[in-house]
There are 2 protein chains.
Amino acid sequence: MKILVVEDDLSLSDVLAFTLRRAGFDVVTAHDGLAALKAWQTANPNLVILDLNLPKLDGMSVCRQIRSQSDTPIIILTVRSGDEDVVKGLELGADDYVVKPFSPKQLVARVRAVLRRADATPATSTVLATAHLSLDRSRNEAMRPGSPPIRLTPLEARLLETLLLNAGHVLTAEALVDAVWGAEGGDRAMLKQLVYRLRSKIEPDPSQPFYIETVPGVGYALTDPDADFPG
Amino acid sequence: MKILVVEDDLSLSDVLAFTLRRAGFDVVTAHDGLAALKAWQTANPNLVILDLNLPKLDGMSVCRQIRSQSDTPIIILTVRSGDEDVVKGLELGADDYVVKPFSPKQLVARVRAVLRRADATPATSTVLATAHLSLDRSRNEAMRPGSPPIRLTPLEARLLETLLLNAGHVLTAEALVDAVWGAEGGDRAMLKQLVYRLRSKIEPDPSQPFYIETVPGVGYALTDPDADFPG
DNA sequence: CGGGCCGGTTACAATGTGGTAACAAATCTT
DNA sequence: AAGATTTGTTACCACATTGTAACCGGCCCG
């Protein structure tokens with residue numbers, strides 16, 4: 001996975017590059033808008049992290065340019081908080097945004113969430129599975145051995161996918177909301193709702209969940225017989 | 001939990017160390033930038049509290065250095081308020097900052113908040129244990145060999161976590177209250193209550209506690225068969 | 001011997017959280 | 001355009017969690 005980081009503050013750019021590399025990504029950097037576009041064309045990254053105020057060509061324009069030619073996921077980096085800049089960035093087609101200051105962990109989490117969402121879309125023959133349960137991501141169907149496939153709605157499928165990708169681990173409500181709805185929209189109450197709907201489809205006895213475990217005050221986890229002992 | 005305090009003002013440094021130790025942390029101190037880096041490498045702390053103006057190597061550089069090699073949480077300590085220094089520190093990857101002058105309680109609260117945020121995220125081995133008892137912090141479950149897991153409430157889990165982190169050592173009531181409830185809220189009476197509730201869940205015979213020992217007039221301690229014999 | 005302090009225990013109220021349900025708005029199908 | 005599906009919204013209930021107070025018994029100390 002290759003990430004293009006566009007940030008004019010060199011020290012911050014370094015920190016970002018370091019953090020992302022340590023998280024296992026390839027990183028390319030650019031420090032102004034024009035260089036960003038050039039780098040984007042030559043490096044063809046899977047995701048762009050984009051500061052909004054840049055020399056030579058501002059972030060908005062870069063975002064618009066990239067969006068007009070592809071649907072590479074874009075995460076906007078902005079110091080201004082809580083106002084229309086953010087909204088505008090998202091309107092331009094950005095997939096998420098992070099407001100400075102932010103912690104490295106937070107950024108990596110967002111990057112992962114966006115990438116997961118992005119490559120979940122295409123109808124590749126993605127089948128995720130544990131011993132008990134599998135999900136055909138191209139058809140949005142959940143299957144249990146010996147039972148007919150169950151049709152899921154897109155949101156339900158994304159939720160189950162996220163749980164499946166972390167089978168055996170507890171995911172916080174916040175992480176799940178992020179993974180399913182992204183930065184905008186999404187809410188603990190809606191997650192509750194969605195979990196309920198998913199359970200009522202895949203749990204043989206919804207009143208006593210077998211697959212989706214609740215961890216009160218924390219979140220949910222998918223039961224995995226092959227749960228990995230720490231390593 | 002080990003904390004590295006980097007502060008050149010010796011009297012302040014002493015106060016910090018004392019405060020943090022009383023709150024149940026291990027503390028290592030350094031008084032200039034170079035010593036800080038050295039101490040960081042050898043002590044490998046879970047969190048760094050970092051003054052910005054230091055002799056020999058300034059705080060910014062120390063921060064950048066540490067950040068370039070790990071994501072140990074960093075809290076910046078600064079006397080300058082409300083200007084870009086703080087922002088810059090945060091951009092370098094610090095996780096929080098505290099402006100002097102500050103109250104010890106406030107600092108401890110920030111430290112706890114940052115630590116909680118830091119280790120709430122990953123799927124690291126969130127299992128603490130002694131020979132008799134272990135705690136899965138991600139699920140808030142206590143386990144005794146041969147018995148099914150016991151579900152704990154968030155507060156109970158935090159209490160047990162604190163005890164477990166200092167297994168074999170006596171913790172004062174005050175330290176425990178601080179650890180569980182943070183700077184605000186919390187009360188000796190509530191601790192009594194919480195200890196009772198935790199005991200009734202994990203002690204086979206609550207009337208004769210085996211795990212959680214009471215030290216009258218002082219606090220509580222968790223029994224640890226591997227308590228540190230000197231060496 | 002009696003009072004007061006301390007910790008354990010019990011009871012209860014206030015609050016929070018998750019599960020369930022019903023309904024409206026938006027979207028997709030046909 | 002009509003109907004079905006999906007999603008967002010709200011409300012409600014049951015129960016868990018937490019905070020608060022009171023009570024009891026031992027123990028120290030005068």
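Just so we're on the same page: letters track the sequence lines, and every chain starts at 1.
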query = Can you list, by residue number, the residues of residues 189-209 of chain A that have a non-hydrogen atom closer than 4.0 angstrom to DNA chain D?
reply = A/M190, A/Q193, A/R197
query = What's the CG-C1' distance between A/L155 and C/dT27, to the nearest Å?
reply = 12 Å
request  = Would you mind reading off the distance between B/R151 atom CZ and C/dT17 atom P, rounded to a whole angstrom?
outcome  = 16 Å
side-chain contact (heavy atoms from CB on, under 4.5 Å) between B/L155 and B/W181, intermediate numbers included = CA-CA 8 Å; B/L155 285 189; B/W181 283 273; 3.8 Å; yes
What I'd like to find out is whether the side chain of [X] reaches to under 4.5 Å of the side chain of [Y], using heavy atoms alone.
| X | Y | value |
| --- | --- | --- |
| B/T29 | B/D14 | no |
| B/R144 | B/I150 | yes |
| B/V6 | B/I49 | no |
| B/M143 | B/D136 | yes |

task = Could you tell me, to 10°, how much the axis swings from one end of the helix from C/dC1-D/dG30 to C/dT30-D/dA1 to the other, five pairs per end?
result = 20°
query = Hey, is A/E141 close enough to A/R151 for a salt bridge, meaning N to O under 4.0 Å?
reply = no
Determine all donor-acceptor pairs shorter than 3.5 Å in which one atom belongs to a side chain in residues 188-195 of chain A; sequence neighbours excluded.
none

task = Write out all pairs satisfying side chain to side chain donor-acceptor pair (under 3.5 Å) with one or both partners inside residues 210-222 of chain B, taking only residues at least two apart or from two chains.
result = B/R199-B/T214
query = Going from CG on B/L4 to CG on B/L50, what distance comes out if it is rounded to the nearest 0.5 angstrom?
reply = 8.0 Å
inquiry  = With ring pair (Phe, Tyr, Trp, His ring centres under 6.0 Å) as the rule and sequence neighbours excluded, what pairs involving residues 188-210 of chain A come up?
reply    = A/H132-A/F210
ask   = How would you give the extent of chain B contacts on DNA chain D, as first and last nucleotide 5' to 3' within a 4.0 Å heavy-atom cut-off?
value = D/dT17 to D/dA21
